[in-house]
Amino acid sequence: MNSKNIKCPVVLSFDIDGTSGLINMDPRTKNFPSLMSMREYGPNIAMPRILKILKKHDIKSSFYIPGFIADTHPELVKNIFYEGHEIGHHGYMHEPPATLTKQEEIDVIDKGIESIERITSQIPLGYRSPSWELSKYSIDILVNKGFVYDSSLMGDDRPYYIQSGKNKLIEIPIHWELDDHPYFNHTPYLNQRNVISNPMSVLESWQLAFEGIFEYQGSFILTLHPWIIGRPGRLKMLEKLILYIKKFDGAEFITALNLAKLFDSQIVSN
Ligand SMILES: [Zn+2]
C-alpha cells in the first residue's frame with residue numbers, strides 16, 4: 001500500500017450474516033425453508049461470484065463473519081482468507097451487544113474469535129457489531145481482546161478515535177445510506193415489505209455519495225450483504241460502481257484494517 005497516493009480510501013465491506021441473525025432473533029425461523037434459503041444464498045451462491053468480481057478488479061475487501069457462519073462454511077472462510085481479504089468479527093450468532101450482559105458479550109467475542117482463528121490461524125483485528133449498535137462495555141472488551149478497530153458507528157465519514165476511559169479504538173464509520181439493506185431488503189415473513197429499489201437508482205445514490213466523500217476527502221465505506229447484493233442484477237450494479245470509482249485519480253480500494261493503520265500512521269506522523 002502506497003499511502004502517499006491515496007486521496008480517498010474506498011472500503012468494500014461484506015457482512016456474511018447468512019441465517020445467523022434470523023435464528024438468533026427467533027429460533028422458530030429455522031422452520032421456514034424459504035426464508036432460510038433466501039439467506040443461505042449469500043454464503044453458498046453469491047460469495048463465489050463476489051470473490052470472482054473482487055479478483056477481476058484486483059480489490060482486497062473486509063468480510064465480517066459471525067462465528068456460526070464460519071463454523072458451518074469453513075471452506076468459504078478459507079477461500080476468502082487465501083484470496084488476501086480481511087476476516088473481521090461479527091458476533092457468534094449475530095448477537096447485538098446491547099442485548100447481552102457484560103459476561104455474555106465477552107463470551108460471544110471469545111467464541112467468534114475461536115471460530116475464525118480455527119480456520120485462519122489468525123485472530124481478527126476488526127469488529128463490526130451485529131445490527132450496528134455497541135453496548136457500554138464494548139470498547140473495553142474489544143481493546144482487551146486486542147482489536148484494532150470497530151466499524152459500527154456513524155459519527156464521521158472518515159476514521160476517528162472512540163474512547164472508554166483509557167481504552168481507545170479506531171472507528172471505521174458506516175452509514176445506512178451506504179448499506180444495501182435499506183434499499184433492497186424485502187422479507188414479508190418479518191413484515192418487512194419495502195418496495196425493492198431499482199439497482200440503477202441505488203448506483204446513482206452511491207456514485208453521488210462517493211463524489212461528495214471524494215471532495216470532502218473522506219473515506220468511502222460501503223456495507224454489503226451477500227444475500228442481498230449477490231442477486232445477479234445487483235452484482236452488475238456493483239461492478240458499474242467499481243468501474244466508476246476507478247476513474248477517480250487517488251481513489252484506492254483497501255481493507256478496513258489497512259484504512260485503520262493508514263489513519264493511525266497519519267495521526268502519529270502529524
Ligand atoms: Zn450483520
Side-chain angles (χ1 to χ4, degrees), residues 9-22 36-91 94 115-116 119-120 124 126 128 130 151 172 174 178-187 196-200 202-203 205-207 209-210 220-246 251-259:
V10 178
V11 178
L12 297 186
S13 67
F14 295 85
D15 298 358
I16 312 185
D17 296 342
T19 58
S20 61
L22 287 179
M36 290 290 107
S37 65
M38 180 174 80
R39 294 299 194 100
E40 271 297 334
Y41 176 95
N44 290 342
I45 306 300
M47 270 311 303
R49 294 176 185 170
I50 289 168
L51 287 176
K52 220 167 161 183
I53 290 171
L54 295 175
K55 195 172 198 168
K56 177 173 157 193
H57 295 285
D58 196 21
I59 293 171
K60 300 295 181 216
S61 288
S62 297
F63 290 85
Y64 300 94
I65 309 181
F68 171 75
I69 299 300
D71 286 351
T72 48
H73 301 80
E75 285 304 313
L76 172 62
V77 179
K78 235 181 256 175
N79 289 343
I80 297 169
F81 182 70
Y82 287 124
E83 293 278 335
H85 302 291
E86 177 193 358
I87 311 273
H89 197 299
H90 198 44
H94 204 271
S115 298
I116 291 169
I119 299 169
T120 65
R128 172 168 287 160
S151 180
I172 302 295
I174 42 72
L178 297 177
D179 178 354
D180 56 1
H181 193 273
Y183 299 99
F184 296 120
N185 174 44
H186 181 82
T187 310
I196 296 175
S197 298
N198 173 353
M200 292 307 284
V202 178
L203 174 66
S205 295
W206 288 350
Q207 284 175 335
F210 171 76
F220 186 79
I221 299 148
L222 193 63
T223 299
L224 303 165
H225 300 79
W227 71 271
I228 298 173
I229 199 69
R231 307 305 305 185
R234 297 172 194 163
L235 285 179
K236 296 307 289 180
M237 181 270 275
L238 179 63
E239 275 206 89
K240 285 181 195 292
L241 180 69
I242 289 170
L243 292 172
Y244 180 77
I245 290 173
K246 284 195 164 193
E252 187 86 19
F253 289 88
I254 62 175
T255 65
L257 181 60
N258 279 340
L259 175 55

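What you see below is based on every heavy atom in this structure, not just the backbone, and it leaves out hydrogens, waters and symmetry mates.
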Asker: By side-chain hydrogen bond (donor to acceptor under 3.5 Å, both in side chains), which residues pair with Glu239, not counting sequence neighbours?
Answerer: Lys56, His57
Asker: When you look at NZ of Lys60, are more than 12 heavy atoms from neighbouring residues, nucleotides or ligands closer to it than 6.0 Å?
Answerer: yes
Asker: Do Lys52 and Arg49 have side-chain heavy atoms sitting under 4.5 Å apart?
Answerer: no
Asker: Nearest 0.5 Å please: distance from the CZ atom of Arg128 over to the OG1 atom of Thr223.
Answerer: 3.5 Å
Asker: Are Ile53 and Ile242 side-chain neighbours, meaning at least one heavy-atom pair lies under 4.5 Å?
Answerer: yes
Asker: To the closest 0.5 Å, what do you measure between CZ (Phe210) and CD (Gln207)?
Answerer: 10.0 Å
Asker: Rounded to the nearest 0.5 Å, what's the gap from CG on Leu203 to OH on Tyr183? Could you check?
Answerer: 11.0 Å
Asker: Is a side-chain donor or acceptor of Asp180 paired with a backbone partner of His225 at a separation under 3.5 angstrom?
Answerer: yes
Asker: When you measure from the side chain of Ser62 to the backbone of Ser13, do you find a donor-acceptor pair of N or O atoms at a distance under 3.5 Å?
Answerer: no
Asker: Between atom CZ of Phe220 and atom CH2 of Trp206, what is the distance when rounded to the nearest 0.5 Å?
Answerer: 7.5 Å
Asker: Say whether, by atom type as modelled, one donor and one acceptor occur between the side chain of Glu86 and the main chain of Thr255 under 3.5 angstrom.
Answerer: no
Asker: If you compare all heavy atoms of Ala46 against all heavy atoms of Pro226, which two are closest, and at what distance to 0.1 Å?
Answerer: CB-O, 3.3 Å
Asker: Can you see which heavy atom on His89 is nearest to which on Gly91, and at what distance?
Answerer: ND1-N, 3.0 Å
Asker: Report the C-alpha separation of His94 and Leu22 in whole Å, then their side-chain angles, then the decisive distance to 0.1 Å, and conclude whether the side-chain contact (heavy atoms from CB on, under 4.5 Å) test is met.
Answerer: CA-CA 9 Å; His94 204 271; Leu22 287 179; over 6 Å; no
Asker: Please lay out, stage by stage, how His85 and Leu51 fare under the test side-chain contact (heavy atoms from CB on, under 4.5 Å).
Answerer: CA-CA 10 Å; His85 302 291; Leu51 287 176; 3.8 Å; yes
Asker: In the structure I gave you, are the side-chain heavy atoms of Leu54 and Glu83 within less than 4.5 Å of one another anywhere?
Answerer: no
Asker: If you define the side chain from C-beta out and look only at heavy atoms, does anything of Ile221 sit under 4.5 Å from Leu259?
Answerer: yes
Asker: Is the closest side-chain heavy-atom distance between Ile229 and Phe14 below 4.5 Å?
Answerer: yes
Asker: Heavy-atom distance under 4.5 Å between the side chains of Met38 and Thr187, does that happen here?
Answerer: yes
Asker: Which is it for Ile65 and Ile87 under the side-chain contact (heavy atoms from CB on, under 4.5 Å) test, yes or no, and what are the steps along the way?
Answerer: CA-CA 7 Å; Ile65 309 181; Ile87 311 273; 4.0 Å; yes
Asker: So Thr19 and Trp227, do their side chains get closer than 4.5 Å, heavy atoms only?
Answerer: no
Asker: Could you give me the CA-CA distance, side-chain angles and deciding distance for Ile245 and Phe253, then say whether side-chain contact (heavy atoms from CB on, under 4.5 Å) is met?
Answerer: CA-CA 9 Å; Ile245 290 173; Phe253 289 88; 3.7 Å; yes
Asker: Test the Arg234-Phe184 pair against the cation-pi criterion, namely NZ or CZ under 6.0 angstrom from the six-membered ring centroid and within 45° of the ring axis.
Answerer: yes
Asker: Working to the nearest 0.5 angstrom, can you tell me the gap between Asp71 CG and Ile116 CD1?
Answerer: 9.5 Å
Asker: Do Lys240 and Met200 have side chains that approach each other closer than 4.5 Å (heavy atoms only, starting at C-beta)?
Answerer: yes
Asker: When rounded to the nearest 0.5 angstrom, what distance separates CD1 in Ile174 from CG in Asp15?
Answerer: 9.5 Å
Asker: For Lys246, what residues pass the salt bridge (charged side-chain N to carboxylate O under 4.0 Å, His left out) criterion, not counting sequence neighbours?
Answerer: none
Asker: Which heavy atom of Ala70 sits nearest to which heavy atom of Ser115, and what is that distance?
Answerer: CB-CB, 4.2 Å
